[in-house]
Undergrad: 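Sharing a structure here in structure tokens format.
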Amino acid sequence: MTDSSSRFTGNIPEIYDRHLGPVIFEPYAWDLARRVLVGDGAAVLEVACGTGIATRRLREHMPSGARLVATDLNQAMIDHAQARLADLQGIVWEVANAADLPFEDGSFDVVVMQFGLMFVPDKDQAVREVRRVLRPGGTFLVSVWDEMKHNPYGRIAHETIARLFPDNPPQFYKVPFGYADPGVLRALLAANGFQDIVVESVKLEARAPSARFFATGLVGGNPVRTAIEEQGGLLPPVVDAITSALVAEFSDTPCVSKLQAWVAAARA
């Protein structure tokens, strides 16, 4: 998992956490955490934890005697998450590749992966790794975004940036919204040994304090920023353009958009 779409470096984690975290990731963090039903002594692994948005909700939802291990490919994301959640006890942080998890077979009762699978080049290998580290009968919870047409903020960001850079349009947004077929997700899980697979459409709401606040995250809070800068582009004009497009389609203060994702639960 080392392609450019997965490189959340520099101050991208900070902008991601501040401007995108509470708007598009926090609503699903609450939803995912409520699905984790474990008792004292259980072990839970979070793969692709990012800046710890779902990690916080998982830790707060789990019994104090349960163990939570949070991993991400990017050291910068782990560093930001660890500092951000310094008030919480009982979290082990580790840099790890989803396709090569550094844990023994059968180590966990639950594995959670919120909006990380789309970024993994070898999805079969990542799912096999999850299956390997789960105990027999353990649960895998994984979420992926639905298509851009059901997440209009993503479509707006992608189309606006493409208009600004017509010679070489940055393609980052095709990655998070490019694994949106529930049948493909179900087949991936089944082909790698999972049973009792349930894939559910979850519709929530993105609510940002302003369109500019949201646009700042959509430009600077993910690797599309790197693609823009590599072409010599300046970020403020891109933020301005996306702000205007968001206001035109939604509203300004607050800026409210639909969210739609697929959430799958499967048994090892």
Side-chain angles (χ1 to χ4, degrees), residues 8-36 46-62 68 70 72 74 76-88 91 93 112-116 118-119 141-146 148 150-158 172-173 175-177 202-225 235 238-239 242-243 245-247 249-263:
F8 289 72
T9 57
N11 70 342
I12 289 176
E14 179 182 352
I15 298 171
Y16 168 104
D17 191 59
R18 180 180 179 187
H19 291 270
L20 297 181
V23 181
I24 63 175
F25 295 115
E26 183 75 21
Y28 285 97
W30 284 103
D31 176 79
L32 204 60
R34 73 174 178 82
R35 299 169 188 266
V36 177
E46 184 184 5
V47 178
C49 70
T51 59
I53 295 160
T55 316
R56 176 179 288 280
R57 301 309 167 200
L58 288 167
R59 183 65 272 176
E60 292 172 343
H61 178 75
M62 291 163 52
L68 176 60
D72 197 90
N74 295 281
M77 295 292 254
I78 289 285
D79 291 344
H80 188 90
Q82 193 166 6
R84 182 177 177 269
L85 274 64
D87 59 312
L88 290 181
I91 305 172
W93 303 96
V112 175
M113 193 176 192
Q114 174 168 283
F115 301 124
M118 307 90 70
F119 296 96
L141 294 167
V142 56
S143 60
V144 298
W145 290 114
D146 206 336
M148 283 188 194
H150 299 301
N151 293 281
Y153 69 92
R155 171 184 53 78
I156 288 170
H158 179 68
F172 168 78
Y173 276 100
V175 178
F177 298 104
V202 180
K203 302 175 183 180
L204 297 172
E205 182 180 81
R207 179 174 291 266
S210 71
R212 182 166 296 277
F213 182 94
F214 199 1
T216 298
L218 293 171
V219 175
N222 61 57
V224 79
R225 169 185 182 158
L235 300 185
V238 183
V239 172
I242 294 178
T243 298
L246 290 171
V247 171
E249 183 147 346
F250 307 124
S251 54
D252 191 1
T253 53
C255 181
V256 180
S257 172
K258 295 186 297 182
L259 296 173
Q260 191 161 313
W262 296 105
V263 179

Undergrad: Do Met148 and His158 have side chains that approach each other closer than 4.5 Å (heavy atoms only, starting at C-beta)?
TA: yes

Undergrad: Donor-acceptor pair, distance only, cut-off 3.5 Å: does the side chain of Asn151 make one with the backbone of Asp146?
TA: yes

Undergrad: Could you tell me how the ring of His19 sits relative to the ring of Phe213: parallel (under 30°), tilted (30 to 60°) or perpendicular (over 60°)?
TA: tilted

Undergrad: So, Tyr28 versus Trp145, ring centres under 6.0 angstrom or not?
TA: yes

Undergrad: Could you give the distance from CG (Leu246) to OG (Ser257), rounded to the nearest 0.5 Å?
TA: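 Nearest 0.5 Å value for the CG-OG distance: 8.0 Å.
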
Undergrad: Report the distance from atom CE of Met113 to atom CE of Met118, rounding to the nearest 0.5 Å.
TA: 8.5 Å

Undergrad: So Arg225 and Asn11, do their side chains get closer than 4.5 Å, heavy atoms only?
TA: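 The answer is yes, as the side chains (C-beta and beyond) meet within the 4.5 Å cut-off.
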
Undergrad: Determine whether the aromatic ring centres of Phe250 and Phe214 lie less than 6.0 Å apart.
TA: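 No; Phe214 has its ring centre 6.0 Å or more from that of Phe250.
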
Undergrad: For residues Trp30 and Leu204, determine if any side-chain heavy atom of one lies less than 4.5 Å from a side-chain heavy atom of the other.
TA: no

Undergrad: Can you tell me how far the OG1 atom of Thr55 sits from the CD atom of Glu46, to the nearest 0.5 Å?
TA: 3.5 Å

Undergrad: Run the numbers on Glu205 and Val256 for side chain to side chain contact (heavy atoms under 4.5 Å, CB included), then give the verdict.
TA: CA-CA 7 Å; Glu205 182 180 81; Val256 180; 3.4 Å; yes

Undergrad: Could you give me the CA-CA distance, side-chain angles and deciding distance for Met62 and Leu68, then say whether side chain to side chain contact (heavy atoms under 4.5 Å, CB included) is met?
TA: CA-CA 9 Å; Met62 291 163 52; Leu68 176 60; 3.9 Å; yes

Undergrad: Do Ile12 and Ile15 have side chains that get closer than 4.5 Å, going by heavy atoms?
TA: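 Not touching, per the 4.5 Å side-chain cut-off.
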
Undergrad: With side chains defined as the heavy atoms from C-beta onward, is the minimum distance between Val47 and Val112 less than 4.5 Å?
TA: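 Result no, sub-4.5 Å side-chain heavy-atom pair not found.
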
Undergrad: State the CG-CD1 distance between Leu85 and Ile53, to the nearest 0.5 angstrom.
TA: 9.5 Å

Undergrad: Run the salt-bridge test on Arg84 and Asp79 with the 4.0 Å N-O cut-off and return the result as yes or no.
TA: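 Result for this pair is no, no salt bridge flagged.
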
Undergrad: With a 4.5 Å limit on heavy-atom distance, are the side chains of Leu32 and Arg57 in contact?
TA: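 No. Closest side-chain heavy atoms not under 4.5 Å.
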
Undergrad: Test side chain to side chain contact (heavy atoms under 4.5 Å, CB included) on Cys49 and Ile78; report intermediate values, then the result.
TA: CA-CA 8 Å; Cys49 70; Ile78 289 285; 3.8 Å; yes

Undergrad: Donor-acceptor check, side chain of His61 to backbone of Ala33, threshold 3.5 angstrom: yes or no?
TA: yes

Undergrad: I'd like to check the side-chain contact (heavy atoms from CB on, under 4.5 Å) partners of Asp252; sequence neighbours left out, ordered by chain and number.
TA: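 Once residues adjacent in sequence are excluded, the partners of Asp252 under the side-chain contact (heavy atoms from CB on, under 4.5 Å) criterion are Ser210, Ala211, Val247.
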
Undergrad: Could you tell me the separation between the OG1 atom of Thr51 and the CD atom of Gln82, rounded to the nearest 0.5 Å?
TA: 13.0 Å

Undergrad: Measuring only between side-chain heavy atoms, which start at C-beta, is Arg212 closer than 4.5 Å to Val239?
TA: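 Result yes, sub-4.5 Å side-chain heavy-atom pair found.
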
Undergrad: If you round to the nearest 0.5 Å, how far is CD1 of Ile24 from OH of Tyr153?
TA: 4.0 Å

Undergrad: Check this for me, if you would: do Arg155 and Glu249 make a salt bridge, where the nitrogen-to-carboxylate-oxygen distance has to be below 4.0 angstrom?
TA: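 Salt bridge present between Arg155 and Glu249.
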
Undergrad: Output all residues satisfying side-chain hydrogen bond (donor to acceptor under 3.5 Å, both in side chains) with Gln114, sequence neighbours left out; order by chain, then residue number.
TA: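 In terms of side-chain hydrogen bond (donor to acceptor under 3.5 Å, both in side chains), with neighbours along the sequence ignored, Gln114 is linked to no residue.
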
Undergrad: Evaluate Val263 against Arg35 for side chain to side chain contact (heavy atoms under 4.5 Å, CB included), listing each step before the verdict.
TA: CA-CA 10 Å; Val263 179; Arg35 299 169 188 266; 3.8 Å; yes

Undergrad: Salt bridge between Glu14 and Arg18, side-chain N to carboxylate O under 4.0 Å?
TA: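 Between Arg18 and Glu14 there is no salt bridge, as every charged N stays at least 4.0 Å from the carboxylate O atoms.
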
Undergrad: Does Pro176 reach the side chain of Phe115, with side-chain heavy atoms less than 4.5 Å apart?
TA: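 When only atoms from C-beta onward are counted, Phe115 and Pro176 do not touch, as no gap falls below 4.5 Å.
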
